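Input: a single structure, listed below in structure tokens.
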There are 2 protein chains.
Amino acid sequence: MISPAETAACCAPLTAQPLSVEQAEQVAPLLKALADPVRLRLLSLVASRQGGEACICDLNEAFDLSQPTISHHMKVLHEAGLVDRDKRGVWVYYRVRPQALSALAALIGCPVP
Amino acid sequence: MISPAETAACCAPLTAQPLSVEQAEQVAPLLKALADPVRLRLLSLVASRQGGEACICDLNEAFDLSQPTISHHMKVLHEAGLVDRDKRGVWVYYRVRPQALSALAALIGCPVP
DNA sequence: ACAGGACATCGACTCCTGTCAATATAGACG
DNA sequence: CGTCTATATTGACAGGAGTCGATGTCCTGT
């Protein structure tokens with residue numbers, strides 16, 4: 001599966017020129033994947049871990065949600081191209097893709113702070 | 001109405017430390033408002049206009065959607081704090097809030113490129 | 001005051017999404 | 001081989017979101 005994260009943000013910020021229909025339909029799923037409080041926390045938790053990765057078991061402990069729900073959210077993040085999956089033995093480790101996040105930020109954000 | 005855009009992004013990026021529940025629930029609605037292809041294009045269209053503003057009538061022409069639908073989307077963007085409303089006579093002009101966008105970008109994006 | 005136009009709101013409909021319990025898969029270890 | 005444990009998938013359900021047509025509101029001319 002090819003993730004939309006790769007092609008999402010070219011160098012033209014959102015506010016410079018009108019987004020094409022295709023661009024909008026490419027970027028929206030990325031934002032939609034991020035637009036959930038649980039997934040935001042999941043992503044943040046994974047990213048801020050030592051080594052930058054976490055397995056489902058770690059995440060399950062941190063949330064008051066069922067294991068299938070956590071698994072579902074991680075799948076959404078993965079299919080959007082925001083996190084990588086790595087199965088090692090019985091455990092599955094997730095790791096954020098910084099390129100995807102910074103590409104998104106570059107698209108949304110005006111040139112600078 | 002107080003917009004969540006003001007307090008959404010402090011200086012701590014998403015990946016530096018785990019987001020609190022409160023932070024996540026503050027940021028998610030902002031992303032949700034952005035996470036729609038039509039709203040992305042609306043925002044982009046408004047932002048890239050000369051003078052940085054557009055009225056509903058302008059937007060209606062650019063989309064193949066009913067006027068109530070455009071009005072609805074602009075309301076969503078406005079309530080999220082991403083655009084300002086300004087009624088001048090019969091027309092209502094919308095204008096993007098760059099601070100809101102750059103705050104979001106700062107939260108999502110890693111320090112660099 | 002009245003008519004017309006710009007925008008908002010309402011009600012209804014369909015599709016999508018987050019959640020869970022139950023079940024499946026698949027690796028590790030006896 | 002069988003069992004345990006970690007994760008994924010499935011099915012079901014309630015609530016949310018995008019869309020439209022109809023209607024309401026408010027300003028501007030005449």
Side-chain angles (χ1 to χ4, degrees), chain A residues 1 4 19 21 24-46 49 53-80 82-95, chain B residues 1 4 19 21 24-46 49 53-80 82-95:
Chain A
M1 185 184 320
L19 237 55
V21 178
E25 287 176 347
Q26 231 173 13
V27 176
L30 267 176
L31 288 165
K32 201 169 282 189
L34 231 56
D36 179 278
V38 173
R39 284 196 290 270
L40 272 176
R41 288 175 60 208
L42 281 167
L43 196 81
S44 177
L45 192 52
V46 170
R49 279 247 152 175
E53 63 183 17
C55 67
I56 297 282
C57 58
D58 294 329
L59 303 173
N60 271 327
E61 292 175 3
F63 291 81
D64 200 22
L65 293 169
S66 71
Q67 173 265 321
T69 297
I70 300 292
S71 190
H72 162 70
H73 283 306
M74 293 311 292
K75 182 180 181 180
V76 172
L77 288 173
H78 178 240
E79 289 183 342
L82 292 170
V83 300
D84 277 334
R85 277 193 50 168
D86 181 24
K87 182 160 190 173
R88 292 205 293 272
V90 189
W91 295 276
V92 175
Y93 290 87
Y94 287 92
R95 174 181 295 275
Chain B
M1 185 185 317
L19 237 55
V21 178
E25 287 177 346
Q26 230 173 14
V27 176
L30 266 177
L31 289 166
K32 200 169 283 189
L34 232 56
D36 179 277
V38 174
R39 285 196 290 270
L40 273 175
R41 289 175 59 209
L42 281 168
L43 195 81
S44 177
L45 192 52
V46 170
R49 280 246 151 175
E53 63 182 15
C55 67
I56 297 282
C57 57
D58 295 328
L59 303 173
N60 270 329
E61 292 175 3
F63 291 80
D64 200 23
L65 292 169
S66 71
Q67 174 265 319
T69 298
I70 300 292
S71 190
H72 162 69
H73 283 306
M74 292 312 292
K75 181 180 181 180
V76 171
L77 288 173
H78 179 240
E79 288 183 342
L82 293 169
V83 300
D84 275 337
R85 277 193 51 169
D86 181 24
K87 183 162 191 174
R88 292 207 292 274
V90 189
W91 295 276
V92 175
Y93 290 88
Y94 287 92
R95 173 181 295 274

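Since the model is a prediction, treat every value here as computed from it, not as a measurement.
Taking both residues in full, the closest heavy atoms of A/L59 and A/A54 are given as CD2-CB, 4.2 Å, listed atom of the first, atom of the second, then distance. Scanning all heavy atoms of the two residues, the minimum distance from A/A33 to A/L82 falls at CB-CD1, 4.0 Å.
Map A/S66 and A/K32 each onto its nearest nucleotide of DNA chain C; the residue landing nearer the 5' end is A/K32.
In this structure, B/D36 and B/L42 have side chains that are not in contact, with every pair of non-hydrogen atoms separated by 4.5 Å or more.
Residues passing the side-chain contact (heavy atoms from CB on, under 4.5 Å) test with A/D84 are A/R97, sequence neighbours excluded. A/N60 meets the side-chain hydrogen bond (donor to acceptor under 3.5 Å, both in side chains) test with no other residue; sequence neighbours excluded. For A/A24, the side-chain contact (heavy atoms from CB on, under 4.5 Å) criterion is met by A/L19, B/P37, B/L40, B/R41, not counting sequence neighbours.
Within residues 36-43 of chain B, no residue has any heavy atom under 4.0 Å from DNA chain C.
A rotation axis mapping the C1' atoms of four pairs onto the next four is fitted at both ends of the helix from C/dA1-D/dT30 to C/dG30-D/dC1 over five pairs, and the angle between these axes is 20° to 10 degrees.
Atom-to-atom, CG of A/D64 to C1' of C/dG18 comes out at 15 Å; the value is rounded to the nearest Å. To the nearest angstrom, C1' of C/dT19 lies 15 Å from CZ of A/F63. Between the P atom of C/dA6 and the CG atom of B/D86 lies a distance of 18 Å, rounded to the nearest Å.
When DNA chain D is scanned in the 5' to 3' direction for atoms under 4.0 Å from non-hydrogen atoms of chain B, the outermost contacting nucleotides are D/dA17 to D/dT28.
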Give each protein N/O atom lying under 3.5 Å from an N/O atom of nucleotides 7-12 of chain C, with the pair distance.
{"unit_1": "C/dC7", "atom_1": "OP1", "unit_2": "B/V92", "atom_2": "N", "d": "3.3"}
{"unit_1": "C/dC7", "atom_1": "OP2", "unit_2": "B/C57", "atom_2": "N", "d": "2.9"}
{"unit_1": "C/dA8", "atom_1": "OP1", "unit_2": "B/R85", "atom_2": "NH1", "d": "3.4"}
{"unit_1": "C/dA8", "atom_1": "OP1", "unit_2": "B/Y94", "atom_2": "OH", "d": "2.7"}
{"unit_1": "C/dA8", "atom_1": "OP2", "unit_2": "B/S71", "atom_2": "OG", "d": "2.4"}
{"unit_1": "C/dA8", "atom_1": "O5'", "unit_2": "B/S71", "atom_2": "OG", "d": "3.3"}
{"unit_1": "C/dA8", "atom_1": "N7", "unit_2": "B/Q67", "atom_2": "NE2", "d": "2.8"}
{"unit_1": "C/dA8", "atom_1": "N6", "unit_2": "B/Q67", "atom_2": "OE1", "d": "3.3"}

Could you give the side-chain donor-acceptor pairs of residues 85-94 of chain B under 3.5 Å, partners two or more places apart or in another chain?
{"unit_1": "B/D86", "atom_1": "OD2", "unit_2": "B/R88", "atom_2": "NH1", "d": "2.5"}
{"unit_1": "B/R88", "atom_1": "NH2", "unit_2": "B/E53", "atom_2": "OE2", "d": "2.7"}

All N/O donor-acceptor pairs, side-chain side in residues 64-77 of chain B, below 3.5 Å, sequence neighbours left out:
{"unit_1": "B/S66", "atom_1": "OG", "unit_2": "B/T69", "atom_2": "N", "d": "3.4"}
{"unit_1": "B/S66", "atom_1": "OG", "unit_2": "B/T69", "atom_2": "OG1", "d": "2.9"}
{"unit_1": "B/H73", "atom_1": "ND1", "unit_2": "B/R39", "atom_2": "NH1", "d": "3.0"}

